[in-house]
Protein chains: 2
Amino acid sequence: MTLTGRKPTLAAIARLTGVSTPTVSKVVNGREDVAAETRAKVLAALEEAGYESPAHRRTTRRTAVVEVAFDAINSNYASALLDGILAQAAAMGVEVVLSVTGSVPAAGIDLERRAQRTVDEERSGIIVVTSAFTGSHLAAFHRRRVPVVVIDPLNPPPSDVVSVGATNWAGGKAAAEHLLDLGHRRIAYLGGPESAECSQARLHGYFSALMSRGVEVDPRLVRHGRFRVEDGVEGLTGLLALDERPTAIFAGSDAIAVGVLREARQRRIHVPEELSLVGFDGTALAEDSVPALTSVAQPLHDMGRTALRTLLRQARGEQLDSHRVELATQLVVRESTAPAPA
Amino acid sequence: MTLTGRKPTLAAIARLTGVSTPTVSKVVNGREDVAAETRAKVLAALEEAGYESPAHRRTTRRTAVVEVAFDAINSNYASALLDGILAQAAAMGVEVVLSVTGSVPAAGIDLERRAQRTVDEERSGIIVVTSAFTGSHLAAFHRRRVPVVVIDPLNPPPSDVVSVGATNWAGGKAAAEHLLDLGHRRIAYLGGPESAECSQARLHGYFSALMSRGVEVDPRLVRHGRFRVEDGVEGLTGLLALDERPTAIFAGSDAIAVGVLREARQRRIHVPEELSLVGFDGTALAEDSVPALTSVAQPLHDMGRTALRTLLRQARGEQLDSHRVELATQLVVRESTAPAPA
DNA sequence: TGTCCCTAGCGAAATTCTTTCGAAAGTCAG
DNA sequence: CTGACTTTCGAAAGAATTTCGCTAGGGACA
């Protein structure tokens, strides 16, 4: 059975599915008193018939709205991404609803409500940034067909989630190679969360560089943190406790590198004479620190722009070329790296 | 004639005004084919009866939404404020629509549309942060009865606009007094835009401190910029060109101070031995710079929270105690200030 | 096992709102 | 004055929603 042309009405859908008109109305309006099975059947028919409620037709938004969820925004990394997202949003006439999740995201039930709200308010989708959203959290959005784009996921996302990032592996490799070229052999890595894909990729780029030069990887030289200044402080402290100290450190973020610098200054360790240091991100932090940080710059602004563009493309139902977009990183050499001490 | 209790329906309004139900429906939905006179009559009756369309009832927002407009967000100052706004928003279950205006705000016509949208979308109001919104821009919102709260206005706002800030005058006084206590007499001020109230207040706090100690104010030692790092660089360059150089600088923001530090390092001028430096804001920038900046800390996080709270109070129609809220600043002494060279 | 009561799920009927379409009244050129 | 057009409105039909009561399937309990 199928519809005989015409714009679909509730009554038509009702006939099609063998329920009453009121029941269809209830499904459309999200009432509770409809069995899950019946709801599913009706929703399928609605979908197939392309039904649009008159309220929906009326409300048709003049300006699209997207949601953006950050773990935290008090970092140059977050500011730069946000700046890119907002710039693109302004260019495309889209509004941005911003929220911070904190490292512990809302409980499941809350998350469900939030995802539902995104649907109710007819928002185009959500951009999730280095947030502790797990796969199951993302599923709440996925179930409701809400487009999601993740920037630098902290937890490995389901394979079908669209993500935007940088060439972290290549960046890690470039950083390590730069240090190797300067004659360093004991090179430590102070990274972000072990589960974070971006940090993982940087680590493996670093591994790759070491191995291709025949330098053995010492697991004691690899430490994980949370990309914060304090992690750099603690990281350096830990590394100095080793029998054989590293002569160079590759930090997984500029913030970590700043922490290393702070602790090094405290201990009267001269950078770069006694210790070379490479950061990651290429934010203003790298430029303003003393000494200025050699850092692997990520195109954070462009990543933000790309994320928004991708999200809207997804929302429009366009087929995406790839579920993963990586923008190029670039090693910027400043003053914090020097030849290894003899 | 009046309504006999009950929730008002279109039919009731129609009887009341002596037109047909369809005509009332058309007025409610803003159709064109209704005479202006009839429309006015019906609207009046709708207003009086307190009619709400079912669509409207449905749409009645569960969560309030506020708009936040920043000049730019790529600064620690902006991040900290935003963080506070978002924290309070999360606590109160309010959503935040964020946008950046850029230093040149949208043209008048666009601004009008934007203000209208705030009304259409039934948003609670707007928080404007150090933005180049002028009085006439704010008027667009004011005309529509949209609550506005301004944080650190760049242009003097109309007197009836609610604003949140810090005790800038006291902060400027404290900074200058600290330097005077260290024996400095030639103290420069590198501030923000001349029209910015917050910068003005800091400057006058500085004047006050100097004058109460009987130190003459040298107008050549006062320079204005835009709170950016570059303004610090240029500011110091300009000051060094003077016959008699200052021995201390009071910077209107930490970013300016960082610029001063950068230029000083470039020129091999030692801070604080040869030049003392006080910043303003007390952001992470102050803590991480070398030497760590003595700075007047603003409670940016709390200012953000207060702004949102105030806005919502205004939106609820509560009477505000004051059109101006100032939170206390605090001088934090670190390493960038020392006794004046002999 | 039977009885009672409760609840979830559904639809008939009534109510409310919207749209279509044609009629009445006004306007204007010729 | 006439005919063509426009504006404004409402009758009637159509669409969507709400109310309210029915029914069936489950416990709880004697």
Side-chain angles (χ1 to χ4, degrees), chain A residues 1-62 108-109 112-113 116-117 119-122 143-145, chain B residues 1-62 120-122:
Chain A
M1 189 180 349
T2 175
L3 285 169
T4 63
R6 280 307 140 76
K7 47 187 104 167
T9 69
L10 282 198
I13 303 294
R15 269 199 310 283
L16 216 58
T17 52
V19 299
S20 70
T21 313
T23 301
V24 179
S25 172
K26 286 170 188 172
V27 170
V28 169
N29 293 297
R31 295 302 158 84
E32 293 299 331
D33 62 341
V34 179
E37 198 184 340
T38 309
R39 179 187 302 276
K41 198 167 56 181
V42 173
L43 278 176
L46 286 168
E47 176 75 20
E48 195 191 346
Y51 176 83
E52 283 185 350
S53 83
H56 181 288
R57 282 193 290 265
R58 224 183 6 263
T59 308
T60 297
R61 266 247 160 53
R62 303 142 286 288
I109 182 68
E112 283 287 334
R113 258 223 303 283
Q116 185 58 46
R117 202 183 54 208
V119 174
D120 291 344
E121 302 274 348
E122 297 178 335
R143 256 202 305 288
R144 294 174 171 77
R145 305 269 181 285
Chain B
M1 195 188 333
T2 174
L3 284 170
T4 63
R6 281 307 140 74
K7 44 188 106 168
T9 68
L10 282 195
I13 304 294
R15 268 199 310 282
L16 215 59
T17 52
V19 300
S20 70
T21 313
T23 300
V24 180
S25 172
K26 285 171 186 171
V27 171
V28 169
N29 293 299
R31 294 303 156 86
E32 294 300 331
D33 61 340
V34 179
E37 195 183 341
T38 311
R39 179 188 302 276
K41 197 167 56 179
V42 173
L43 278 176
L46 287 169
E47 178 72 22
E48 194 192 347
Y51 176 82
E52 285 184 348
S53 82
H56 182 288
R57 277 196 293 269
R58 224 181 8 261
T59 309
T60 294
R61 270 248 157 52
R62 301 143 286 287
D120 291 343
E121 302 272 349
E122 298 181 331

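The figures here come from the full heavy-atom set of this structure, side chains too, leaving out hydrogens, waters and symmetry mates. Everything numeric here is computed off the predicted structure, so don't read it as measured data. Reminder, nothing fancy here: chain letters follow the sequence lines and each chain counts from 1.
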Compare every heavy atom of A:Thr21 with every heavy atom of A:Ala14, then report the nearest pair and how far apart it is. CB-N, 3.7 Å
Return the nearest nucleotide to the side chain of B:Pro22; candidates are C:dC17, D:dG10, D:dT18. D:dG10
Round to the nearest Å and state the distance from A:Arg15 atom CZ to D:dG14 atom C1'. 13 Å
Protein-nucleotides 7-10 of chain C N/O pairs closer than 3.5 Å?
| residue | atom | partner | partner atom | Å |
| --- | --- | --- | --- | --- |
| C:dC10 | OP1 | A:Thr38 | OG1 | 2.2 |
| C:dC10 | OP2 | A:Ala35 | N | 2.6 |
| C:dC10 | OP2 | A:Thr38 | OG1 | 3.3 |

List the steps, then state whether side chain to side chain contact (heavy atoms under 4.5 Å, CB included) holds for B:Thr38 with B:Val27. CA-CA 9 Å; B:Thr38 311; B:Val27 171; 5.7 Å; no
Hey, what do you get for OG1 (B:Thr23) to NZ (B:Lys41), rounding to the nearest 0.5 Å? 10.0 Å
Integer-rounded Å distance: D:dA15 P and B:Leu10 CG: 19 Å
Residue among B:Leu43, B:Val34, B:Ile13, B:Leu16 satisfying side chain to side chain contact (heavy atoms under 4.5 Å, CB included) with B:Val24: B:Ile13
Starting at CD of B:Glu37 and ending at P of C:dG26, how long is that distance when rounded to a whole Å? 13 Å
